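What follows is a short report on a single structure.
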Amino acid sequence: MTDRDDLDMLAAEYVLGTLDAEERTRVAQRRQDDATLNDLIEAWEARLAPLGDEIQEVAPGPDLLKRIEQRIDDLEAERAAAAGSDEHVPPRDNVYQLQRRLRFWQWGTCLATAAALVLAVLLLAPLQTQQPPKPFVAVFQQNDQQPAFMVSVELPSRDLHVQAVAAEPLPDKSYQMWIKEDSLGPKPRSVGVLNDDLSLAANALSEYSPELLKRATFGISVEPPGGSPTGQPTGPAIHGYLYPATRNL
Amino acid sequence: MHHASDPASDPAAGTSTGPDAMPGAITREQLEELLQGVADQDRQAFARLYEATAAKLYGAVLRILKHEQRTDDVVQEVYVTIWQKAEQYDALKASPITWMVTIARNRAIDELRRRPTARHEPADILDQTASDTPSARERLEGEEDAQRLYACLEELEGRRQDMVRLAYLEGWSRADLAERFEQPVNTVKTWLHRALKQLKGCLAS
């Protein structure tokens, strides 16, 4: 049996659902960075999809939609809070911006796949001038369960702090952080290659103005050792959601 | 949902509007439009998408978790995910309902693996699973794809067919299957791999 066969069976069992919790988590994480595995998973999803036709419909309780909508409202309010609490900006505008900014980050074929290419977004919101500087925080999420990185930026000092949460150093790979903002041109610009301990120099953003940082989006991608050979993200990247700075930091 | 016809042998069933057809008969194109609306943060589109698909997704999750409250929780998170990720939907890769069912199944199985439910009742479930085969299919995918898959499943040895179905529809793990089929887990893994390879080969032929 070749490695490719093994990988295909891993993908097949992941889709079939027979793996245990630990294996499922590993596969779900690995597919973010492993396009081959991700493709194999999607191929199995397509093969087995007609089995879903056997699922009998069961109407949920009448309140479930309301619960879901409430949950979405709460999440959006959290994101809006993370993006700063300008009362004149309804939460949805921020989320909408976030979505639009995510689109910017599509390159190659990646974002087409739900999981494969993802890029983190850090939306820096207007500072509340009357308050002491607060960090703005983004969670770079590897899958739906676990944050991979948390990134915070203090304004106006522009001090950057990258903290690995679930992300681990990858053998023969480097993580690289990127910034993108309209005034920097259409392409992402490298902020720096993360150190072996997955940290990044605090002054890595010092060349950018706070105003620019507020508008910029950020991403972390997986690259060959030492960083992207092309100056542009080449590997799968990690996706982030806004996170209220007031809550967990 | 009791229906005697076997879609695999009755091509006309593919276009029937009988009890097995999607309620409201929403088309793939309509679902794609709704998903596009959701990607643009349109709450009305989201509510319509929910109305059109919730019973299917709820059915998928409930069948795996067999517990209403946990199903409510999982389905809630599934729709939040759909709201957040609608823009990543790729029509070239899957139909909207398949994309959504995939999210729902993944969440349900993750939840089941984290907190397994009480032992299944193997005999009942197997009966139900087996008898559902021809009747409850709703042809969400192309009828041709479904017929091919079912023809290929038919070629599998009986127990292996059951394993594939129990795993996909009921969320059974290797260990669950090992117990039900009174085989060591490694044997079950081998059987599953053979079944899956055979299916893949058959579908590719």
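Each chain gets a letter, A, B and so on, in the order the sequences are listed, and its residues count up from 1. If you're wondering where the values come from, they're calculated on a predicted model, not measured in any experiment. Side-chain atoms are counted along with the backbone in the values below, which use heavy atoms only and exclude waters and symmetry mates.
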Report task. Determine the minimum heavy-atom distance between A:L16 and B:V164, stating which atoms define it. Result -> CD1-O, 3.6 Å

Query - Contacting moiety of A:E23, where chain B heavy atoms sit under 4.5 Å - result: side chain

Report task. Would you give the length of the straight line joining atom CD1 of A:I55 to atom OH of B:Y168, rounded to the nearest 0.5 angstrom? Result -> 6.5 Å

Report task. Just give me the residue among A:V15, A:L64, A:L65 that pairs up with chain B most often, heavy atom to heavy atom, under 4.5 Å. Result -> A:L65

Query raised in the report: Is the shortest side-chain N to carboxylate O distance from B:R43 to A:E69 below 4.0 Å?
Result: no

Report task. Indicate the atoms forming the closest heavy-atom contact of B:V80 with A:R71, along with that distance. Result -> CG2-CG, 3.6 Å

Requested in this report: Taking all heavy atoms of A:P60 and all of B:Y58, pick out the closest pair and write down the distance.
Outcome: CB-CD1, 3.4 Å

Query raised in the report: Could you state the interatomic distance from CZ (B:F46) to CD1 (A:I72), rounded to the nearest 0.5 Å?
Result: 3.5 Å

Query - Atom pair CZ/CG of A:R47 and B:L199 - distance to nearest 0.5 Å - result: 9.0 Å

Report summary line: CG of A:D5 to NE2 of B:H193, rounded to nearest 0.5 Å, is 10.5 Å

Query raised in the report: When you check the gap from the basic side-chain N to the acidic O, do B:K197 and A:D8 get nearer than 4.0 Å?
Result: no

Query - B:R165 bridged to A:E54 by N-O distance under 4.0 Å - result: yes

**Report entry** Short N-O contact, B:K189 and A:E13, less than 4.0 angstrom
**Finding:** no

Query raised in the report: Would the number of heavy atoms belonging to other residues, nucleotides or ligands and lying under 6.0 Å from CD of B:E68 be above 12?
Result: no

Report task. Locate the shortest heavy-atom distance separating B:R63 from A:Q56; write the atom from each residue and the value. Result -> NH1-N, 4.2 Å

Report task. Give a yes or no on whether a salt bridge exists between B:D73 and A:R67, defined as a side-chain N under 4.0 angstrom from a carboxylate O. Result -> yes

Requested in this report: Please determine if B:D110 and A:R24 form a salt bridge, counting it only when a charged side-chain N lies under 4.0 Å from a carboxylate O.
Outcome: yes

Query raised in the report: Top residue by heavy-atom pair count (under 4.5 Å) with chain B, among A:D63, A:L19, A:D20?
Result: A:L19

**Report entry** Side chain, backbone, both or neither of B:V75 within contact of chain A (heavy atoms, under 4.5 Å)
**Finding:** both

**Report entry** Nearest-0.5 Å distance, CG of residue B:L149 to CG of residue A:D53
**Finding:** 9.0 Å

Query - Spatial distance of atom CG (B:N106) from atom CD (A:E45) [nearest 0.5 Å] - result: 6.5 Å

Query raised in the report: Does any donor atom in the side chain of B:W83 or A:E76 lie under 3.5 Å from an acceptor atom in the other side chain?
Result: yes

Query - Portion of B:I103 that has a non-hydrogen atom of chain A nearer than 4.5 angstrom - result: neither

Query raised in the report: Which atoms of B:E51 come close to chain A, meaning under 4.5 Å heavy atom to heavy atom: side chain ones, backbone ones, both, or neither?
Result: side chain

Query - Per-residue contact mode, B:I109 against chain A (heavy atom under 4.5 angstrom) - result: both

